[in-house]
Amino acid sequence: MTATALVLGSTGYIGGRLVPRLLDAGYNVRVLVRSPSKLTDVPWGPRVHIIQGDLEDPSSLRTAAAGADILYYLVHSMGASSKSHQQFDEIERRCAANVAVAASDGGVHRIVYLSGLHPSVTGLSRHLRSRVDVGEILLASSVPTAVLQAGVVIGSGSASFEMIRQLTEVLPVMVAPRWVRNRVQPIAVRDVLHYLLGAAGLPAGLNRTFDIGGPDVLRYDEVMNGYAAETGLPHRPVLALPVLTPWLASQWVNLVTPIPRSLAVPLIGSLLYDCIVQEQDIHSYVPLPGPGPTGYRQAVRLALAKLAVGDVETSWQDASVLGAPSDPMPSDPQWAGQRIYHDTRQQHTHADREQLWQVIEGIGGDNGWYSFPLAWAIRGWMDRLVGGVGLRRGRRHPKQLNTGDALDFWRVEKIDRGHLLRLRAEMKVPGLAWLEMQAKDDDGGSLYVQRALFFPRGLGGRLYWLAVLPFHGVIFKGMAHRISEAAASTTTNRKDIK
C-alpha cells in the first residue's frame with residue numbers, strides 16, 4: 001500500500017524541494033496551503049492533493065492529516081502567517097499544538113520537523129528559541145517525532161547562502177560582530193533533503209532530536225572567505241568588533257544585501273553561539289548521503305553552478321513576507337464605493353505579441369524596469385530603510401516567471417503567459433498596489449497596455465499617491481515607451497540576423 005505524506009510548508013525553500021522527491025520516491029503527497037494559486041505553475045502541482053487551509057485553523061489541519069502516514073513540518077516564523085511580527089513565537093507554539101492534535105487524531109504514524117542547530121545554553125535568540133519550543137511541543141505529542149536540527153543551509157536560493165554571497169561580493173573588507181569568529185557547521189541542501197526523506201523510515205516509536213551537518217566545522221569568517229576562494233575573489237579581511245550588536249548587524253545586512261531585515265534577524269540570531277553537531281546518531285538509522293556528506297566548498301560550487309544557468313529550484317524569495325498583502329486584487333465590480341487611483345498607459349509597437357511578451361516576462365531583476373533607474377533604486381532603498389524587501393530581491397529565473405514568484409519588491413499574482421502579467425506590491429505603502437502589463441494583438445504589430453492600481457488606506461494613503469503622482473507621470477510613461485521600444489528592437493535584430 002502506498003504511503004501518504006502530508007507536507008506543511010510546501011511553498012517554502014525546503015518544502016518546495018522535498019515534495020517532488022517524495023513523489024519520485026513513490027509517496028502520495030498532500031499539501032496544506034493558504035493560497036492554492038501559489039502552486040499554479042509549480043511542475044509537481046498536478047501530482048499532489050492540494051488542501052486549502054492554515055495551521056491556525058484546526059479544522060483544515062484535521063482534514064489534511066486524516067489518514068496520512070507521515071507529516072513533515074517545514075514551517076517557520078520567517079514565512080509563517082503571523083498577523084503581528086511581535087507575536088510570532090506565540091503563534092508558532094499555537095500552530096505546533098494544533099498540528100500535534102491533528103496528527104494524533106488523524107492517525108499519523110510519524111512527524112518530521114526541521115529545526116535549527118543550537119547549543120545547550122540559555123538566552124537563545126527569540127527565533128531560535130521558538131524553533132526549539134516547536135520541537136518540544138511535537139516531541140511531547142502522542143505521535144513519534146523526529147526533530148532534525150540543521151545549521152547554515154547552503155544551496156542555490158537559500159537565505160543563508162545568499163547572505164554569504166552578497167556580503168562577500170559587495171564588501172572588500174568586512175566589519176562584523178565578534179561572533180563572526182564563532183564556529184558553524186554548514187550543510188548542503190541536498191543533504192538536508194536526504195535526511196528528511198530518510199527520516200520517514202525511522203523505527204516506529206523513535207521520538208527524539210537528531211543533529212545534522214556537513215563535514216566541515218568553520219568560523220563564519222572562514223565561511224565567507226571560502227566563498228571568495230571559490231569565486232576567485234581576493235581574501236576578505238574581517239574586523240571583529242565587540243560593539244556591533246545583532247540588531248545593528250541585521251540593519252547592515254538589510255542595507256547591503258537583498259535579505260530583508262525581517263529575515264536577517266533570525267539568520268544572525270543563529271550565529272550568536274557556536275552551532276555545531278554534538279552527535280551523529282542519525283547515521284545509525286539513515287545511510288550517509290551518496291559517497292558522504294557534501295563539503296562546504298563543494299556545496300558552494302554546486303549552488304553557483306545552478307545560479308549560472310538559472311536553475312534555482314526554490315528560493316528564500318518564495319517565502320511570504322510578514323505584513324505584506326496576500327489577498328488577490330478584487331475584481332472590477334467590487335471596486336464600487338472604494339477610492340481607487342490608477343495610471344493606465346497604452347503603446348503600439350511593430351513587434352508581434354510574442355516578442356512583446358518576452359520583454360514583459362523578462363522585466364525586473366538584472367533587466368531593470370525600463371524607466372528612470374535612479375528613481376526605482378531610491379524607492380527600493382526607502383523600502384529597505386523601513387524594513388521592507390527593497391528592490392534588490394531580484395528574480396529566480398532570468399527569463400521565466402511563475403505565479404507566486406518574487407520580483408524585486410513585487411510578487412507575481414497572476415500570469416497568463418503570452419497575454420497578462422499582474423504584480424502585487426510587497427513594498428511598504430499605506431494601501432494596496434498592483435501593476436498589470438498586457439500584450440495584445442494589434443494591426444501591424446501589437447499593443448502594450450500597462451495599468452497601475454492603488455487602493456489607499458486612510459488619509460495617509462491618499463497623501464502618498466498625491467506625493468508620488470509627479471514621479472509616476474515620468475516613470476510609467478517612460479516605462480510603457482521603452483518596453484515597446486525594446487520589443488521593436490528585438491524584431492529589428494531578428495531581421496538583421498536573417
Side-chain angles (χ1 to χ4, degrees), residues 37-46 157 306-315 317-318 328-329 331-332 342-373 376 391 393-425 433-453 472 475-498:
S37 62
K38 291 190 70 173
L39 300 179
T40 300
D41 298 316
V42 175
W44 45 260
K306 293 282 189 180
L307 289 171
V309 296
D311 184 21
V312 181
E313 190 175 349
T314 59
S315 171
Q317 302 163 332
D318 300 331
M329 184 175 72
S331 58
D332 288 6
H342 66 91
D343 184 292
T344 303
R345 310 276 174 173
Q346 295 187 4
Q347 186 79 35
H348 176 84
T349 176
H350 294 299
D352 60 34
R353 179 172 53 80
E354 289 77 12
Q355 291 160 345
L356 174 58
W357 176 255
Q358 288 178 10
V359 178
I360 292 173
E361 192 172 4
I363 200 166
D366 292 339
N367 292 328
W369 292 87
Y370 292 93
S371 177
F372 208 169
W376 284 95
L391 195 66
R393 189 165 53 167
R395 50 184 293 156
R396 183 168 57 186
H397 191 281
K399 296 181 180 179
Q400 182 176 320
L401 292 173
N402 291 315
T403 304
D405 277 1
L407 180 61
D408 293 329
F409 47 41
W410 305 91
R411 178 80 59 179
V412 178
E413 179 174 287
K414 181 178 181 180
I415 183 168
D416 179 5
R417 193 156 277 109
H419 299 278
L420 169 71
L421 175 64
R422 179 184 297 157
L423 306 176
R424 182 180 68 245
W434 284 266
L435 177 63
E436 283 187 344
M437 290 166 275
Q438 296 183 65
K440 298 183 176 182
D441 291 317
D442 200 21
D443 291 340
S446 59
L447 183 67
Y448 173 69
V449 181
Q450 174 182 291
R451 183 169 68 154
L453 295 164
H472 284 176
I475 292 172
F476 289 140
K477 180 179 179 180
M479 186 175 170
H481 181 69
R482 289 185 177 88
I483 285 176
S484 302
E485 277 189 339
S489 67
T490 302
T491 303
T492 302
N493 291 339
R494 287 184 179 181
K495 289 179 179 178
D496 291 342
I497 292 172
K498 291 179 181 180

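Residue numbers run from 1 in the order of the sequence given.
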Is [Y] close to [X] at the side-chain level, that is, under 4.5 Å between some pair of heavy atoms?
| X | Y | result |
| --- | --- | --- |
| I363 | W410 | no |
| Q347 | I483 | no |
| L420 | E436 | yes |
| R353 | D442 | no |
| E361 | K399 | no |
| M479 | L435 | yes |
| D352 | S446 | no |

Find the distance between [atom1] ([X]) and [atom2] ([Y]) and round it off to the nearest 0.5 Å.
| X | Y | atom1 | atom2 | result |
| --- | --- | --- | --- | --- |
| Q438 | W357 | CD | CH2 | 9.5 Å |
| R422 | T403 | CZ | OG1 | 10.5 Å |
| R395 | D366 | CZ | CG | 9.5 Å |
| K477 | H472 | NZ | NE2 | 15.5 Å |

Sequence neighbours excluded, the answer for side-chain contact (heavy atoms from CB on, under 4.5 Å) partners of R482 is Y370, S371, E485
Residue pairs meeting salt bridge (charged side-chain N to carboxylate O under 4.0 Å, His left out), one or both in residues 342-351, sequence neighbours left out, come to D343-R345
On a heavy-atom basis, which atom in [X] and which in [Y] lie closest, and how many Å separate them?
| X | Y | answer |
| --- | --- | --- |
| A488 | A351 | N-CB, 3.8 Å |
| L447 | L356 | O-CD2, 3.7 Å |
| A480 | S484 | O-OG, 2.9 Å |
| W369 | L407 | CH2-CD2, 3.9 Å |
| P46 | V42 | CD-O, 3.9 Å |
| N402 | R396 | ND2-NH2, 4.5 Å |

Salt bridge (Lys or Arg N to Asp or Glu O under 4.0 Å) filter on K306, not counting sequence neighbours, yields D311
Under 3.5 Å: donor-acceptor pair, side chain of R424, backbone of K414:
no
Test side-chain contact (heavy atoms from CB on, under 4.5 Å), reference V412, set L421, T40, D41, output is L421
Just say parallel, tilted or perpendicular for the rings of H350 and H348, cut-offs at 30° and 60°. perpendicular
Exercise for the section: Start with the C-alpha distance between T349 and Y448, add both sets of side-chain angles, then the distance that settles side chain to side chain contact (heavy atoms under 4.5 Å, CB included), and finish with yes or no. Expected result: CA-CA 7 Å; T349 176; Y448 173 69; 5.5 Å; no
